*Asks:* 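A single structure is presented below for examination.
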Amino acid sequence: MSDSAELIIEGKSYKLPVVVGTENERAIDISSLRAQTSYITLDSGYKNTGATKSAITFLDGEEGILRYRGYPIEQLAEKSSFIEVAYLLIYGKLPTTNELADFDKQIKEQLSIPEGVQKILSGFPTTAHPMGVLSALISSLTAFYPESLNPNQPKDEVNNNIVRLIGQITTIAAAIHNHSSGSVSSAPNSNIDYCANFMSMMFGGNNSEYEVSPVVVDALNKLLILHADHEQNCSTSTVRLVGSSNASLYTSISGGVNALWGPLHGGANQEVIEMLEAIKADGGNSKKWIEKAKDKNDPFRLMGFGHRVYKNFDPRAKIIKAACDNILSNLGIKDQALDIAKELEEAALTDPYFVDRKLYPNVDFYSGIIYKALGIPNEMFTVMFAIGRLPGWIAQWKELHEQKEPIGRPRQIYTGENERDYVAIDAR
Ligand code: ACO
């Protein structure tokens with residue numbers, strides 16, 4: 001295959017290099033296009049634009065393939081733990097027993113949050129959406145660890161910021177939940193699994209005997225692994241873009257949290273469960289809601305359906321659907337929302353509207369049902385996603401710096417007024 005592409009503009013031919021990835025993905029390198037031709041490319045929503053070369057996650061939307069550092073998501077979800085996957089994403093290889101134990105220890109030494117963060121949290125209304133609070137508190141870490149602002153920190157200090165954030169995000173998230181619900185936060189317990197400690201901080205209160213079921217720990221590990229990275233999606237691109245200005249790790253991740261919050265992205269998991277509950281309250285007629293989703297005059301969309309890159313199936317949704325059945329039966333929970341979800345999925349997958357547009361359930365379609373079964377309130381669902389996505393954001397931020405990428409700065413095609421003279425206010 002050719003290693004260059006030919007572009008003809010106004011009869012003149014230009015050669016542009018072709019870049020080939022390790023999975024044979026091909027791109028036309030247009031970095032010299034403007035200098036050569038004075039043209040730029042235009043691609044609203046970056047639907048067809050590669051923003052970087054990355055060695056972290058491989059995704060083939062047509063085939064429904066997702067791999068972290070080459071390892072299939074199915075194997076990682078079945079056999080690994082969230083902390084091991086975090087290590088894999090951030091450092092590029094599976095850890096040895098000692099490396100994993102050391103990484104886990106470093107994270108567990110960082111579970112306590114500064115008192116000042118707790119004070120800032122207490123100033124938020126209890127009704128504040130947890131995602132806004134999470135973003136603010138992560139950003140506030142720059143005030144407590146000002147050394148993190150230095151873009152040229154030595155490697156060890158960057159690593160301190162990394163493990164601190166992985167540790168503290170769970171304590172911050174649990175504190176946010178307890179602030180909203182008026183419950184007492186229990187102190188972090190560094191003697192138990194990362195996910196078990198999180199659940200215990202969420203729901204343990206003053207009960208030092210509180211124990212988290214292994215079924216719950218397993219489910220949470222799986223969910224977090226499935227969310228841990230997804231290459232250049234909206235929030236990850238945000239983290240890379242903010243990070244490209246040499247903004248600190250905490251500031252960049254805080255930006256990612258805000259991007260994730262939107263209902264078209266991570267916020268969809270909350271919207272899905274609210275949609276299923278609305279359908280249930282409306283009598284459970286899924287056909288009616290499918291028709292609404294197809295009606296172009298109705299703003300309603302089937303939340304948890306469709307994906308920018310998966311056009312066959314979302315491999316994460318497949319794993320989550322099976323996990324969902326398993327967890328509900330293990331916990332002895334019967335949830336009508338799951339029946340409605342299955343009905344909706346079946347109806348949508350046989351409807352030409354969804355088939356023609358290649359719209360399939362995405363990762364968010366079933367994850368909310370599991371979170372609900374674990375007792376996590378709806379408004380915390382996207383926070384759970386953020387905890388899961390954190391290692392991916394960190395790995396992408398770290399890679400951006402290791403690759404010494406330039407500041408991100410897209411161009412535009414201006415469509416406004418041409419130059420005109422100012423008109424005095426009394427003459428308008
Ligand atoms: N329900 C009904 N119709 C839909 C849906 C949906 N969920 N998703 C896409 N469509 C239709 C669009 O109306 C459009 O139809 P048209 O061609 O007749 O105009 C067509 O399918 C293509 O949709 P786009 O919005 O152009 O696709 P895009 O790639 O820009 O958007 C997105 C992808 C945002 C995920 C979209 O499918 C959506 O809004 N889904 C619901 C929200 C959701 O679940 N988001 C979570 C995504 S996963 C994640 O971020 C973790």
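All values below come from the heavy atoms of this structure, side chains included, with hydrogens, waters and symmetry mates left out. The structure presented is a predicted model; accordingly, all values stated were derived computationally and were not measured. Whatever order the structure lists them in is the order used to number ligands and atoms, beginning at 1.
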*Asks:* Does ligand 1 come near enough to Phe354 that some N or O of the ligand is less than 3.5 Å from an N or O of the residue?
*Replies:* no
*Asks:* Charged N to carboxylate O under 4.0 angstrom, Arg240 versus Glu399?
*Replies:* yes
*Asks:* How are the rings of Tyr371 and Phe381 set relative to one another: parallel (under 30°), tilted (30 to 60°) or perpendicular (over 60°)?
*Replies:* tilted
*Asks:* Relative to each other, are the rings of Phe82 and Tyr194 parallel, tilted or perpendicular (30° and 60° limits)?
*Replies:* tilted
*Asks:* Using a 4.0 Å heavy-atom threshold (strictly under), name the region of Asn233 that reaches ligand 1: side chain, backbone, both or neither.
*Replies:* neither
*Asks:* Would you say the side chains of Tyr39 and Glu10 form a donor-acceptor pair under 3.5 Å?
*Replies:* yes
*Asks:* Among all protein heavy atoms, pick the one closest to atom 48 (S) of ligand 1 and tell me residue, atom and distance.
*Replies:* His307 CD2, 3.5 Å
*Asks:* Would the His230 and Tyr310 ring centres measure less than 6.0 Å apart?
*Replies:* yes
*Asks:* Output yes when a side-chain donor or acceptor of Asp43 lies under 3.5 Å from a complementary backbone atom of Thr49, and no otherwise.
*Replies:* yes
*Asks:* With a 4.0 Å cut-off on N to O distance, would you call Glu291 and Lys294 a salt bridge?
*Replies:* yes
*Asks:* For ligand 1, note which part of Tyr353 has a heavy atom under 4.0 Å away: side chain, backbone, both or neither.
*Replies:* side chain
*Asks:* What protein heavy atom lies closest to atom 5 (C) of ligand 1? Include the residue and the distance to one decimal.
*Replies:* Leu359 CD1, 3.9 Å
*Asks:* For His265, counting its heavy atoms only, list the atoms of ligand 1 lying under 4.0 Å from any of them.
*Replies:* 46 (C), 49 (C), 50 (O)
*Asks:* For the pair Arg67 and Asp60, find out whether any cationic side-chain nitrogen is under 4.0 Å from an anionic carboxylate oxygen.
*Replies:* no
*Asks:* Looking only at protein heavy atoms, which one is nearest to atom 35 (C) of ligand 1, and what is the separation?
*Replies:* Gly306 O, 3.6 Å
*Asks:* Under the 3.5 angstrom rule, does the side chain of Ser38 hit a backbone N or O of Arg34 as a donor-acceptor pair?
*Replies:* no
*Asks:* Heavy-atom contacts with Gly304 under 4.0 Å: which atoms of ligand 1 show up? List them by number with element.
*Replies:* 43 (C), 44 (O)
*Asks:* So is His227 touching ligand 1 or not, going by heavy atoms under 4.0 Å?
*Replies:* no
*Asks:* Looking at atom 17 (O) of ligand 1, what's its closest protein heavy atom, distance included?
*Replies:* Arg357 NE, 3.8 Å
*Asks:* What's the shortest distance from atom 42 (C) of ligand 1 to any protein heavy atom, and which residue and atom give it?
*Replies:* Met303 CE, 3.5 Å
*Asks:* With heavy atoms of Ala268 as the reference, note each atom of ligand 1 found under 4.0 Å away.
*Replies:* 43 (C), 44 (O), 45 (N), 46 (C)
*Asks:* At under 4.0 Å between heavy atoms, is it the side chain or the backbone of Asn362 that contacts ligand 1, or both, or neither?
*Replies:* side chain
*Asks:* What protein heavy atom lies closest to atom 1 (N) of ligand 1? Include the residue and the distance to one decimal.
*Replies:* Leu302 N, 3.1 Å
*Asks:* For Asp193 and Cys195, work out which heavy atoms get closest and say how close.
*Replies:* OD1-N, 2.7 Å
*Asks:* Looking at Ser200, is its backbone amide N or carbonyl O close enough to the side chain of Ser186 to form a donor-acceptor pair, meaning the two atoms are under 3.5 Å apart?
*Replies:* yes
*Asks:* Going by distance only, is there an N or O of Val363 that falls short of 3.5 Å from an N or O of ligand 1?
*Replies:* no
*Asks:* So is Phe385 touching ligand 1 or not, going by heavy atoms under 4.0 Å?
*Replies:* yes
*Asks:* Closest non-hydrogen protein atom to atom 45 (N) of ligand 1, residue and atom name please, with distance?
*Replies:* Leu264 O, 3.0 Å
*Asks:* Under 4.0 Å from any heavy atom of Ala293, which atoms of ligand 1 are there?
*Replies:* 2 (C)
*Asks:* Closer than 4.0 Å and a protein heavy atom, does any atom meet both conditions relative to atom 38 (C) of ligand 1?
*Replies:* yes
*Asks:* Angle class for the Phe103/Tyr91 ring planes (parallel below 30°, perpendicular above 60°, tilted otherwise)?
*Replies:* perpendicular
*Asks:* Give the atoms of ligand 1, by number and element, whose distance to some non-hydrogen atom of Arg308 is under 4.0 Å.
*Replies:* 28 (P), 29 (O), 30 (O), 33 (C)
*Asks:* Mind checking whether Arg301 contacts ligand 1 via backbone (N, CA, C, O), side chain (CB onward), both or neither, at a 4.0 Å heavy-atom cut-off?
*Replies:* both
*Asks:* Over all heavy atoms of both residues, which pair between Leu226 and Ala77 is shortest? Give the atoms and the distance, please.
*Replies:* CD2-CB, 4.0 Å
*Asks:* In plain terms, say whether Asp229 and Arg69 are close enough for a salt bridge, that is, a side-chain N and a carboxylate O under 4.0 Å apart.
*Replies:* no
*Asks:* To which of Tyr360, Phe365, Phe305, Tyr310 does the heavy atom nearest atom 40 (N) of ligand 1 belong?
*Replies:* Phe305
*Asks:* With backbone taken as N, CA, C and O and side chain as the heavy atoms from C-beta onward, which portion of Lys47 lies under 4.0 Å from ligand 1: side chain, backbone, both, or neither?
*Replies:* side chain
*Asks:* Backbone or side chain, does any N or O of Lys296 fall under 3.5 Å from an N or O of ligand 1?
*Replies:* yes
*Asks:* Taking atom types as modelled and ignoring hydrogens, do the side chains of Ser180 and Glu379 form a donor-acceptor contact shorter than 3.5 angstrom?
*Replies:* no
*Asks:* With a 4.0 Å cut-off, strictly under, does atom 31 (O) of ligand 1 pick up any protein heavy atom?
*Replies:* no
